[in-house]
Amino acid sequence: MLKRYLYPTFLLLMTYQTSIAQQQIAIETKHNSLILSTDASNALISTYLGKRIANKEEYSIIPTLDKYTPGSDDLYNKREAYIASGSINLLEPALSVTHADGNKSTVLTFQRVKVTELDKNRKLTAVVLKDPKYNFEVTLNYLAYYEEDVIEQWSEIRHQEKAAVVLNKYASANLSLSGKKFYLKNQYSSAMREMRSEEQQLLHGLRTLDSKLGTRTNLLHSSSFMISIDGPSAEDTGNIIAGSLAWTGNFKLDFETFDDYYLRVTAGINNFSSDYTLKPGENFITPRFVYTYSSKGTGLASRNLQNWARKYQLREGQGERSTLLNNWETTYFDFNDEKLNNLVQDTKKLGVDVFLLDDGWFGNKYPRNGPAAGLGDWEFNKQKLKNGISAIGQEATANGVKFGIWLEPEMVNPKSELYEQHPDWIIRQPERKEYYMRNQLVLDLTNKKVQDFIFKVVDETFSQVPDLAFIKWDCNSLIYNANSPTLKNQDHFYIEYVRGLNSVLERIRKKYPKVPMMLCAGGGSRVDYAALQYFTEFWPSDNTNPFDRIFIQWEYSYYFPSIAVDNHVTDMGRQPIKFKTDVAMMGKLGYDVKVHELSEKDLAFTQNAIKTYNGFKDIVWHGQQYRLQDPYQNDVASISYVNEAKDQAVVFSYYMATRNATKQALPIALKGLDASKRYKIEEINLYPGSISPIDSAKVYSGDFLMNIGLNPEVSDRRTSVVLKITAV
């Protein structure tokens with residue numbers, strides 16, 4: 001994994017610096033360009049974001065709208081690259097500052113630009129802006145990934161004024177888009193109903209997506225989105241901007257149309273209750289805003305983000321993942337050594353890699369026999385586990401499987417020894433009634449002692465189970481009554497909480513860099529690319545009904561690669577086990593089932609399914625994803641994955657009709673194949689006794705499959721079909 005924010009000198013192949021009065025700055029990837037330029041007043045203007053053109057000199061003739069005449073009644077809304085408030089800009093700013101002398105106006109003018117080639121694929125452009133009146137600077141950083149067509153953007157704010165300044169708003173980025181119409185595609189959630197999609201035209205006024213929840217910040221709204229220009233979004237056509245804020249805390253995304261033909265997107269930390277006091281000489285670095293431009297619809301935008309994430313951001317994004325059996329839905333809190341040893345045997349019987357021990361293994365004075373007690377007391381329960389978690393780990397090793405464990409180290413139950421011993425470690429307002437979500441409060445991660453405690457919890461777990469192979473890290477409560485008993489400036493609380501969390505995760509990853517870790521937060525309510533530099537995967541939803549999961553996984557696929565998405569086969573839903581398994585295979589496969597209650601055929605199917613999955617999982621994890629037929633508008637949903645060589649692909653199709661409907665009558669056109677290659681198609685993952693109608697001996701050209709397609713023969717009797725496509 002590449003280290004974030006650190007650029008060793010041996011990577012700096014080429015650096016140059018300029019400070020010309022008026023100039024043009026091109027930030028380019030393989031297919032796209034972001035063009036910045038200075039105007040007559042030396043302001044930095046966002047001139048263009050879109051498809052790259054061959055002649056760079058022609059960018060200079062794009063108008064900058066710098067046509068304001070003093071004394072006129074015209075609004076002055078030129079497309080500055082980073083809008084500061086308090087002067088002549090009256091629309092939503094990226095930056096608001098109260099200077100040391102109390103003045104609230106800031107004007108940013110261009111000073112210099114520095115371009116550094118980190119390697120053949122990555123180029124960092126740093127543009128320094130300064131206020132002519134104050135010794136106050138903002139550096140806009142643009143890290144361009146050439147092959148992936150992705151840009152990371154963030155700002156650095158510093159000053160040398162006589163006393164501290166207060167940052168009232170401090171966004172990571174402004175984007176100015178041009179077009180006749182703009183459509184926002186975003187996802188909203190609630191418990192068990194994550195990532196529901198909506199799309200709307202952005203008309204006059206300001207549209208804001210934000211979070212003030214402190215933890216689980218994506219619970220209501222996702223911090224990822226797509227903007228479609230001049231028409232609603234489509235999978236393979238149209239101009240799309242896909243963006244995602246890499247911040248595991250409160251976020252704010254502003255969308256404001258202006259001057260009839262422009263949209264301004266402002267993304268960053270939510271400044272709610274978070275005025276930040278910045279001392280002279282300090283450097284405030286905002287989180288990174290990640291975005292890509294696609295001239296070929298949402299499909300290409302998704303693949304751009306997925307390719308970037310696997311290579312540069314997701315922990316072990318180009319590596320492997322472990323299949324597992326989780327005990328939660330089999331035992332809940334009711335287990336002992338004998339039950340767990342039997343589950344270890346079931347893990348081996350199924351053929352998965354890891355047995356995961358979920359919630360309920362800890363607490364003695366206040367045993368963790370339910371959700372209301374024990375959280376925070378991370379000592380194994382001596383009644384349930386006579387010989388501790390180390391014995392379960394040894395049992396797993398003896399049976400040739402690995403052992404993983406559930407932790408929720410940021411949280412505490414009021415009924416716990418930790419609560420009794422360290423009331424000063426808990427986030428709460430003095431002299432106010434405590435409010436619990438899921439019988440929990442949140443520990444104060446702004447406190448260094450709490451950070452040390454959480455690291456110690458993880459470290460001591462490894463000391464008991466040196467071969468620990470998986471951690472499920474949960475986070476189930478929001479932050480109510482936000483207040484740190486030890487933090488001097490409560491305006492810094494929400495930011496310092498995230499910094500404290502990241503500090504703990506940095507320490508864990510420094511000591512245990514390779515151990516797989518699942519990011520779980522009552523479902524997918526804590527999913528962002530800042531967190532995923534520490535975690536190998538995330539849990540999308542506690543709703544494991546496979547019918548619902550098709551929609552949930554479909555929406556996550558717009559921003560995150562399949563290798564990061566944990567999908568479990570469970571008892572939820574009435575669908576047959578084949579349907580459940582086929583859905584779960586579109587990511588990292590796991591099980592949460594009562595193995596001993598499976599029928600003979602279901603067990604045989606599951607054992608063979610795991611072997612089948614192991615044969616093609618690399619294509620799903622590392623291949624290019626293509627959404628073929630969406631579940632919202634069709635009786636059959638279909639999605640495919642194609643490997644880099646385009647000689648292998650896997651296609652998943654599902655019957656989605658909730659009313660009387662005929663089977664899929666028309667062929668589904670495939671994508672991403674090589675038109676010149678010839679392919680055979682085989683149906684795989686069949687249930688015992690099933691006979692496939694797919695002719696595996698027939699050969700098709702890639703051209704035919706992509707333009708005419710193939711009918712997977714999905715119906716109410718063949719509700720899920722998995723096809724393996726192989727070049728011959």
Item to check | Lys339/Asp334 salt bridge by N-O under 4.0 Å criterion | outcome: yes
Next on the checklist: Return the CG to OG distance between Asn711 and Ser653, rounded to the nearest 0.5 Å.
Outcome noted: 9.0 Å
Next on the checklist: Does any part of the side chain of Thr606, heavy atoms only, come nearer than 4.5 Å to the side chain of Tyr591, both counted from C-beta?
Outcome noted: yes
Checklist entry - Closest heavy-atom contact between Leu314 and Ala564? => result CD2-CB, 3.8 Å
Checklist entry - Are any non-hydrogen side-chain atoms of Lys349 and Asp346 less than 4.5 angstrom apart? => result yes
Next on the checklist: Under the side chain to side chain donor-acceptor pair (under 3.5 Å) definition, can you give me all pairs with a residue in residues 539-548, not counting sequence neighbours?
Outcome noted: Glu194-Ser541, Trp539-Asp542, Asn543-Asp548, Thr544-Thr570, Asn545-Gln575
Item to check | Test log, rule side chain to side chain donor-acceptor pair (under 3.5 Å), inputs Gln187 and Tyr559 | outcome: CA-CA 11 Å; Gln187 288 78 19; Tyr559 313 106; 2.9 Å; yes
Next on the checklist: For the residue pair Asn413 / Arg368, report whether a side-chain donor-acceptor contact shorter than 3.5 Å exists.
Outcome noted: yes
Next on the checklist: For a side chain to side chain donor-acceptor pair (under 3.5 Å) check, start with the C-alpha distance between Glu338 and Asn342, then their side-chain angles and the critical distance, and finish with the verdict.
Outcome noted: CA-CA 6 Å; Glu338 183 180 359; Asn342 288 336; 4.6 Å; no
Checklist entry - Stepwise, does the ring-ring contact (aromatic ring centres under 6.0 Å, His included) test hold for Trp361 with Phe380? => result CA-CA 6 Å; Trp361 59 268; Phe380 71 86; 8.2 Å; no
Item to check | Non-hydrogen side-chain atoms of Ile471 and Val458 separated by less than 4.5 Å | outcome: yes
Checklist entry - Which pair of heavy atoms, one from Cys475 and one from Met411, lies closest together, and at what distance? => result SG-CE, 3.5 Å
Checklist entry - Backbone N or O of Ala530 within a donor-acceptor pair of the Gln533 side chain at under 3.5 Å? => result yes
Next on the checklist: Do Pro693 and Arg718 make a side-chain contact, defined as non-hydrogen atoms from C-beta onward lying under 4.5 Å apart?
Outcome noted: yes
Item to check | Contact summary for Tyr679 and Ser701, nearest pair of heavy atoms | outcome: CD1-C, 4.4 Å
Next on the checklist: Using only atom types and a distance under 3.5 Å, with no angle test, would you say the side chain of Ser189 pairs donor to acceptor with the backbone of Met195?
Outcome noted: yes
Item to check | salt bridge (Lys or Arg N to Asp or Glu O under 4.0 Å) between Lys677 and Asp647, intermediate numbers included | outcome: CA-CA 8 Å; Lys677 281 185 168 64; Asp647 58 8; over 6 Å; no
Next on the checklist: Closer than 3.5 angstrom, by distance alone: can the side chain of Asp353 be matched with the main-chain N or O of Leu324 as a donor-acceptor pair?
Outcome noted: no
Checklist entry - Charged N to carboxylate O under 4.0 angstrom, Arg627 versus Glu235? => result yes
Next on the checklist: Measuring only between side-chain heavy atoms, which start at C-beta, is Leu356 closer than 4.5 Å to Phe403?
Outcome noted: no
Item to check | Value rounded to 0.5 Å, distance of CD in Gln607 from CG in Leu350 | outcome: 6.5 Å
Checklist entry - Counting N and O atoms only, with roles assigned by atom type, does the side chain of Ser244 sit under 3.5 Å from a partner on the main chain of Val290, one being a donor and the other an acceptor? => result no
Next on the checklist: Can you classify the ring geometry of Phe560 versus Tyr529 as parallel (below 30°), tilted (30 to 60°) or perpendicular (above 60°)?
Outcome noted: tilted
Item to check | Pairs meeting criterion side chain to side chain donor-acceptor pair (under 3.5 Å) with involvement of residues 685-699, two or more places apart | outcome: Asp582-Asn685, Asp602-Tyr687, Glu683-Ser692
Checklist entry - Which is it for Thr719 and Val714 under the side chain to side chain contact (heavy atoms under 4.5 Å, CB included) test, yes or no, and what are the steps along the way? => result CA-CA 6 Å; Thr719 56; Val714 177; 5.8 Å; no
Item to check | Any side-chain donor near an acceptor of the partner, Ser525 and Asn218, under 3.5 Å | outcome: no
Checklist entry - For Lys594 and Asp571, what are the C-alpha separation, side-chain angles and deciding distance, and is it a side chain to side chain contact (heavy atoms under 4.5 Å, CB included)? => result CA-CA 8 Å; Lys594 299 179 179 70; Asp571 290 334; 3.5 Å; yes
Checklist entry - For Arg303, which residues count as a salt bridge (charged side-chain N to carboxylate O under 4.0 Å, His left out) partner, sequence neighbours excluded? => result none
Next on the checklist: If you compare all heavy atoms of Thr581 against all heavy atoms of Ala609, which two are closest, and at what distance to 0.1 Å?
Outcome noted: CG2-CB, 3.9 Å
Checklist entry - Should Asn186 and Glu198 count as side-chain neighbours, where that means a heavy-atom distance under 4.5 Å? => result yes
Next on the checklist: Pairing donors with acceptors under 3.5 angstrom, does anything connect the side chains of Asp467 and Gln394?
Outcome noted: no
Next on the checklist: Looking at every heavy atom in both Ser638 and Ile668, which two are closest together, and how far apart are they?
Outcome noted: CB-CD1, 3.9 Å
Item to check | Donor-acceptor side-chain pairing of Gln625 and Tyr641 below 3.5 angstrom | outcome: yes
Checklist entry - Regarding Lys185 and the six-membered ring of Tyr558, is the cationic atom NZ or CZ under 6.0 Å from the ring centre and inside 45° of its axis? => result yes
Checklist entry - Are Lys588 and Asp566 close enough for a salt bridge, meaning some N to O gap below 4.0 Å? => result yes
Checklist entry - Using 4.0 Å as the upper bound for N to carboxylate O, is an ion pair formed by Lys511 and Asp459? => result yes
Checklist entry - Would you say Arg315's side chain and Leu532's backbone share a donor-acceptor pair under 3.5 angstrom? => result no
Item to check | Asp337 and Asn341: side chain donor to acceptor below 3.5 Å | outcome: no
Checklist entry - Is a side-chain N or O of Arg310 found less than 3.5 angstrom from the main chain of Pro561, in a donor-acceptor match? => result no
Next on the checklist: Using a 3.5 Å distance criterion without hydrogens, assess whether the side chain of Thr330 forms a donor-acceptor pair with backbone atoms of Val593.
Outcome noted: yes
Checklist entry - Just checking, any donor-acceptor pair under 3.5 angstrom between side chains of Gln440 and Glu408? => result yes
Checklist outcome for this item: When every non-hydrogen atom of Gly404 is compared with those of Val354, the smallest separation belongs to N-CG1, 3.7 Å
Checklist entry - Do we see a donor-acceptor contact under 3.5 Å between the side chains of Asn614 and Lys617? => result yes
Item to check | Asn326 vs Asp358, side chain to side chain donor-acceptor pair (under 3.5 Å): CA-CA, chis, key distance, verdict | outcome: CA-CA 7 Å; Asn326 192 3; Asp358 213 292; 3.0 Å; yes
Next on the checklist: Could you check whether Ser223 and Asp528, counting side-chain N and O atoms only, form a donor-acceptor pair closer than 3.5 Å?
Outcome noted: no
Checklist entry - Between Thr215 and Ser477, is there a donor-acceptor pair closer than 3.5 Å when you use the side chain of the first and the backbone of the second? => result yes
Checklist entry - Is the backbone N or O of Pro540 less than 3.5 Å from a side-chain atom of Tyr556, with the two atoms forming a donor-acceptor pair by type? => result yes
Checklist entry - When you check the side-chain N and O atoms of Trp473 and Glu410, is any donor under 3.5 Å from an acceptor? => result yes
Checklist entry - Any side-chain heavy-atom pair from Val650 and Leu723 closer than 4.5 angstrom? => result no
Item to check | Side-chain heavy atoms of Thr726 within contact of Glu682, under 4.5 Å | outcome: no
Next on the checklist: Before you tell me yes or no, could you show the steps for Phe335 and Trp328 under ring-ring contact (aromatic ring centres under 6.0 Å, His included), namely the whole-Å CA-CA distance, both residues' side-chain angles and the distance that decides it to 0.1 Å?
Outcome noted: CA-CA 10 Å; Phe335 55 81; Trp328 179 244; 9.0 Å; no
Checklist entry - Is Glu460 reaching over with its side chain to a backbone N or O of Trp378, donor-acceptor style, under 3.5 angstrom? => result no
Next on the checklist: Can you classify the ring geometry of Phe616 versus Phe652 as parallel (below 30°), tilted (30 to 60°) or perpendicular (above 60°)?
Outcome noted: perpendicular
Item to check | Between Trp406 and Asp474: side-chain donor-acceptor atoms closer than 3.5 Å | outcome: yes
Checklist entry - Between Arg549 and Asn567, is any side-chain donor less than 3.5 angstrom from a side-chain acceptor? => result yes
